[in-house]
Amino acid sequence: MPSDKGLSSKVIGQIALMQGVVAHLPHANSIMSFVSRGLRDVPGVNDVQYKLLFSQNQSEATKKEIYYSYLICHNDLCHASLDFDVDKTELFLPYVPYIKNLCNMLAIILEEKRQKELNKDLMEQLEKRVQQRTRDLQDEIRERRLAQSELTRAQNFISNIIDSMPYVLIGVDSAGVVTHWNKRSENMTGLKADKALGRKLGEVLPSMLFDMEQIVSSIHSGRPYRKRKVILGGGAEREHREITIYPLKDFDHNNAVILIEDVTERVKMEEVVIQSDKMMSLGGLAAGMAHEINNPLAGMMQTAGVMADRLKNLEMPANQRVADSLGLSLDLVRQYMEKRDILKMLDRIQESGKRTADIVYSMLSFARKSTESFQSHDLTDLVDKVLALAGSSFSFKNHLSIKDIRLTKEYESHLPQILCDEGKIQQVVLNLIKNGLESMFEYQELCEEKDINYEGPSFTIRISQEKINQFIRLEIHDNGPGMSEETRKRIFEPFYSTKPLGKGMGLGLSISYFIICDHHRGNMRVESSPEQGTKFIIRLPLGDKD
Amino acid sequence: MCEQHLTSLGFTDQEVPVGTHMCLVFTEDEERADCLRKFLLSGLKIKERSACFSNHTSENEMRSFLSQHDITYDDRKEKQDIFMSGASDVYFQDNTFDPDRMLGLLDHFYQETKDLGYSAARVIGEMNPEIEKVKGGERLLEYESRVSLMLKEKPVTAICQYNANLFDGATIMEVLKVHPQMMVNGAVVENPFFIEPEDYLSHHVT
Ligand SMILES: Nc1ncnc2c1ncn2[C@@H]1O[C@H](COP(=O)(O)OP(=O)(O)OP(=O)(O)O)[C@@H](O)[C@H]1O
Ligand SMILES: [Mg+2]
């Protein structure tokens with residue numbers, strides 16, 4: 001239906017409607033392919049090709065002779081070109097304005113599509129990134145959850161370990177505020193963790209108040225610090241504590257862990273070891289000295305005896321003969337001696353010599369003995385014999401004796417016999433009984449003087465078997481004055497005595513110790529504190545003697 | 001051409017003559033599905049007999065869609081009010097596109113509908129890009145043109161759906177030329193590209 005200008009309204013309608021349709025096509029390629037196919041219907045047109053300037057799509061038309069080419073550009077951006085192969089220009093030209101119009105329209109639509117595509121790409125990328133991030137996050141969360149539960153497990157595990165440790169373990173930060181407080185801490189202080197956490201260490205553990213400076217300096221220097229402390233516990237026995245401060249450094253926190261260990265038992269053990277070492281060397285020394293002293297002493301005493309003989313024994317023919325040859329009156333000599341107390345002096349030399357000899361004899365007990373003399377004995381029998389002997393052999397002030405004290409015997413029945421030197425073991429028991437009696441009677445007297453209530457001396461003697469370690473255990477427990485820490489540490493030393501000069505040599509316990517520990521391979525210790533009585537514990541091995 | 005009476009398509013307020021052969025080019029699947037569902041629903045409502053050939057809308061989907069409108073799909077299927085099948089099964093039997101067989105089917109459907117006493121028949125089908133590969137695929141435009149021709153005598157309201165994402169722009173242009181009506185921006189327009197089947201067939205088919 002050609003119009004006045006030779007235009008077909010159908011073609012113009014077609015061009016117009018193309019603009020409506022292309023908006024619904026998905027992408028530049030389908031749009032351009034749709035349009036170029038549609039424009040072939042324009043009169044005078046032989047063929048229409050398109051080129052997408054953003055794609056590699058090389059139009060066939062470029063090789064042909066092109067009469068008309070229209071660029072589809074939006075602003076400075078060219079999206080495509082339409083290449084018309086026109087054979088009847090006069091028919092085609094009237095449509096050119098409509099085609100140009102279509103091209104303008106296409107430019108807008110293509111730009112819109114491109115933007116949408118870009119946005120879609122962006123959105124897709126974004127979406128992808130979001131998805132990736134979501135996945136990463138989920139992984140991370142999963143990992144973290146896993147790590148968290150691992151961590152919680154580890155933490156539980158660690159706090160279980162910390163709780164089950166036999167030490168007081170306290171965590172503090174650099175300000176001395178408590179961050180950890182284990183079960184032992186609770187037990188020691190009676191303070192539950194929730195009451196201790198967040199508070200200053202000095203408040204919850206006053207005994208550490210003066211260590212705060214050390215803790216802080218340890219945290220700063222990064223050097224651990226250790227010290228022992230003696231604390232008077234509930235009873236009269238001292239408690240020994242070892243305090244260790246371990247500084248902990250992590251990235252931004254400076255903390256410290258404080259370990260408080262009750263080393264009372266360890267200290268006791270150490271004392272025993274020191275004791276035994278000391279005793280063994282002192283014992284050896286004493287025995288050696290005794291040998292060295294013994295000979296000159298014997299010479300001295302012998303000489304003193306001979307002197308006394310020659311001065312006193314006037315009837316001796318040799319004395320008479322020598323006096324006669326000199327014209328000397330033996331009677332006058334004797335009178336002179338008596339007047340000058342020379343004979344008494346000689347007696348004193350004899351006495352002192354005798355006493356020295358006794359000491360030397362005792363000191364010889366430190367000499368190592370073979371176990372040849374060992375025989376099987378019932379320890380209860382040995383102890384009972386000593387008790388009987390003690391009743392008759394010692395008497396104390398005011399004629400007191402073992403019969404004047406309460407005696408409790410706790411002997412386990414069916415005890416095995418032990419291989420031992422009967423005499424030596426009796427000597428030990430005798431020493432202990434003697435010491436106990438001496439101390440208790442003295443204490444009784446003191447209490448009477450000072451009007452202190454005293455229930456009266458009593459001994460408890462226990463004999464039992466340690467099944468696990470194969471030891472026979474003898475405990476001699478008195479309720480005497482006990483002793484101070486300083487005394488307790490030294491009582492096994494030779495010549496250590498608190499008794500007045502001449503009364504005690506200070507050898508009883510040291511010899512006993514030597515007999516038990518060295519000769520019999522047993523052990524011996526004391527538990528005592530002032531006003532708490534004294535308990536000696538002797539353990540003798542059941543096994544074969546070597 | 002029979003005496004024209006109008007019918008509603010369901011997806012547009014415009015009424016069109018029974019026997020309209022319309023092309024619907026879509027880019028979004030929801031657009032396709034929405035159009036298809038509404039077309040079938042409106043047919044069932046006004047007691048027209050409907051056929052649907054789609055690879056993408058299943059009977060199940062239709063069943064649940066119709067139930068929202070208090071229509072029991074299976075009852076209506078039983079009554080032969082509606083017939084659904086996969087598009088490929090119908091168009092490409094034996095991997096061949098045979099316009100004659102297809103036109104025979106359409107003819108049969110029209111005849112049967114009339115015999116069963118329905119007021120009218122409607123068909124909606126989605127053409128798939130498979131057509132470009134199967135034997136006889138090149139006869140698509142011939143077929144569409146012959147449909148237009150046939151519908152003049154045997155009016156069945158027919159909608160052909162083409163996915164613009166899957167067909168080349170030039171093909172879309174060609175397809176438009178063989179449909180007298182088209183949907184643009186939600187409106188049914190007389191297609192300016194349309195070439196009368198008699199012309200088209202004499203020019204393009206030898
Ligand atoms: N049962 C006890 N109660 C209190 N203190 C005791 C007891 N046993 C020993 N001691 C203390 O231990 C010290 C050493 O005792 P040890 O038996 O070694 O010497 P000693 O008794 O002083 O002299 P000796 O050599 O005559 O025994 C005693 O001086 C005394 O202070
Ligand atoms: Mg003594």
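Below, read A as the first sequence line, B as the second, and so on, with proteins coming before strands; counting in each chain starts at 1. This is a predicted model, so every value here is computed, not measured.
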**OP:** Answer with side chain, backbone, both or neither: which region of Met18(A) has an atom nearer than 4.5 Å to a non-hydrogen atom of chain B?
**Re:** both
Original post:
What residues of residues 25-54 of chain B sit under 4.5 Å from chain A when you count only heavy atoms?
Top reply: Val25(B), Thr27(B)
Subject >> Presence of salt bridge, Asp168(B) and Arg37(A), under 4.0 angstrom >> reply: no
**OP:** Decide if atom CZ of Arg145(A) counts as having more than 12 heavy atoms of other residues, nucleotides or ligands within a radius under 6.0 Å.
**Re:** no
Original post:
Which bit of Ile31(A) is near chain B, if near means a heavy-atom gap under 4.5 Å: side chain, backbone, both or neither?
Top reply: neither
Subject >> Where Lys10(A) and Phe194(B) come nearest, the two heavy atoms and their spacing >> reply: NZ-O, 3.1 Å
**OP:** For residues 139-183 of chain B, pull every pair meeting ring-ring contact (aromatic ring centres under 6.0 Å, His included), keeping only residues two or more places apart or in separate chains.
**Re:** His21(B)-His179(B), Phe97(B)-Tyr143(B), Tyr162(B)-Phe167(B)
Original post:
Crowded around Asp139(A) CG? As in, over 12 foreign heavy atoms under 6.0 Å?
Top reply: yes
Subject >> Heavy atoms from other residues, nucleotides or ligands near NE2 of His27(A) exceed 12 (cutoff 6.0 Å) >> reply: yes
Original post:
How many angstroms lie between OG in Ser33(A) and CD1 in Ile172(B), if you round to the nearest 0.5 Å?
Top reply: 8.5 Å
Original post:
Any donor-acceptor pair under 3.5 Å linking the side chain of Lys177(B) with the backbone of Gly38(A)?
Top reply: no
